[in-house]
Amino acid sequence: MLIVLGGLPATGKTTVGRALARSTGAVHLRTGTVEQAIVRSGLAVHPVGPAGYAVGYALAEDHLRQGLSVVAESVNPLAVTRDAWRDAGRRAGAEVAEVEVVCSDRAEHRRRVASRSADVPGLPLPDWDAVCRRAYEPWHRDRIVLDTAGRGVSDCLAELMFALESQAKASGWSSR
């Protein structure tokens, strides 16, 4: 299974993605890590553009073909990136679940942006103005929406696991 987590910076994608991967035994694939590796290689500077996503799609597809589940986490701001993740999963014969992670409390979101630190050395973090100006197209298809505002990771993970199980039952596949 490919579980694609998208959302603006500082909504909780990495925290939830890591927790989900730990609880399910899935591979956690983060485009920020891929992008920073490309920068460290000397092949690009930030912003990397589509290269990090392209590498991510290929890695996800490869892991899925090996029978591993993947939690792919990125801002995923455009319909074209969302389609590409879904296509990678389908090419590998995997079920795909799409999750938009949001923080509906604007003040809390702003505090998260201001207070977080980079956990990938050298990865630049956007400030609040950059988050607000970021291109982020509305979603135009069904997805799970996970609101992390005012909630701990265990509550968010429980809600997400329930939603994934519900989606699995509705479509006749197993989320485990």
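- Arg134 pairs by the side chain to side chain donor-acceptor pair (under 3.5 Å) definition with nothing, not counting sequence neighbours.
- Sorted by first and then second residue, the salt bridge (Lys or Arg N to Asp or Glu O under 4.0 Å) pairs with a member in residues 42-64 read Glu61-Arg65, Glu61-Arg91; sequence neighbours excluded.
- Between Arg141 and Asp83 there is a salt bridge, since at least one side-chain N of the basic residue sits less than 4.0 Å from a carboxylate O of the acidic one.
- Heavy atoms only, all atoms of each residue included: Trp85 and Ala72 are closest at CZ3-CB, 3.5 Å.
- Residue pairs that meet the ring pair (Phe, Tyr, Trp, His ring centres under 6.0 Å) test with at least one member in residues 2-33, sequence neighbours left out, do not exist here.
- For Arg110, the CZ atom counts as loosely surrounded, since its 6.0 Å shell holds 12 or fewer non-hydrogen atoms of other residues, nucleotides or ligands.
- Val4 and Val101 fall into different hydrophobic clusters, where Ile, Leu, Val, Met, Phe, Trp and Tyr side chains are chained together by heavy-atom contacts under 4.5 Å.
- Checked for salt-bridge contact, Glu108 and Arg112 meet the test: a charged N lies under 4.0 Å from a carboxylate O.
- With rounding to the nearest 0.5 Å, the separation of CG in Leu29 from CD1 in Ile3 is 12.5 Å.
- Atom CG of Leu146 and atom CG of Leu20 lie 10.0 Å apart (nearest 0.5 Å).
- Between Asp147 and Cys156, the closest heavy-atom pair is O-SG, 4.4 Å.
- A salt bridge links Glu159 and Arg151; the closest N-O separation between the charged side-chain nitrogens and carboxylate oxygens is under 4.0 Å.
- With rounding to the nearest 0.5 angstrom, the CZ atom of Arg90 is 9.0 Å from the CD atom of Glu95.
- Between Val75 and Leu8, the shortest heavy-atom contact is CG1-CA, 4.4 Å.
- In the hydrophobic cluster analysis, where Ile, Leu, Val, Met, Phe, Trp and Tyr join through side-chain heavy atoms closer than 4.5 angstrom, Met161 is grouped together with Val16.
- Between the side chain of Arg82 and the backbone N or O of Pro77 there is at least one donor-acceptor pair closer than 3.5 Å.
- For the atom pair CD (Glu165) and CG (Leu160), the distance works out to 10.5 Å, reported to the nearest 0.5 Å.
- With rounding to the nearest 0.5 angstrom, the CD atom of Glu98 is 10.5 Å from the CG atom of Leu5.
- If you chain together hydrophobic residues whose side chains sit under 4.5 Å apart, Leu64 and Val96 fall into the same group.
- For the side-chain contact (heavy atoms from CB on, under 4.5 Å) criterion with Val39, the lone passing option out of Val34, Val48, Leu123 is Val48.
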**OP:** Quick one: do Val131 and His109 satisfy side-chain contact (heavy atoms from CB on, under 4.5 Å)? Show the steps, please.
**Re:** CA-CA 10 Å; Val131 170; His109 190 192; 4.0 Å; yes

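- Considering only heavy atoms from C-beta on, Cys132 comes within 4.5 Å of Arg106 through its side chain.
- Within the 3.5 Å criterion, the main-chain N or O of Gly7 finds a donor-acceptor partner in the side chain of Lys13.
- Between Ala94 and Leu2, the shortest heavy-atom contact is CB-N, 4.4 Å.
- Looking at Tyr53, its side chain does come within 3.5 Å of a backbone N or O of Asn76 through a donor-acceptor pair.
- A donor-acceptor pair under 3.5 Å is absent between the side-chain atoms of Thr15 and the main chain of Gly12, judged by distance alone.
- For the residue pair Ala19 and Val153, the shortest heavy atom distance occurs at CB-CG2, 3.9 Å.
- Looking at heavy atoms from C-beta onward, Arg18 lies in side-chain contact with Asp119 at the 4.5 angstrom threshold.
- The closest donor-acceptor contact from the side chain of Ser74 to the backbone of Arg30 lies at 3.5 Å or more, if one exists at all.
- Glu35 contributes no side-chain N or O that, together with a main-chain N or O of Gly52, makes up a donor-acceptor pair within less than 3.5 Å.
- Pairing each heavy atom of Ser117 with each of Leu125, the nearest pair is C-CD1, 3.5 Å.
- In the hydrophobic cluster analysis, where Ile, Leu, Val, Met, Phe, Trp and Tyr join through side-chain heavy atoms closer than 4.5 angstrom, Val70 is grouped together with Tyr57.
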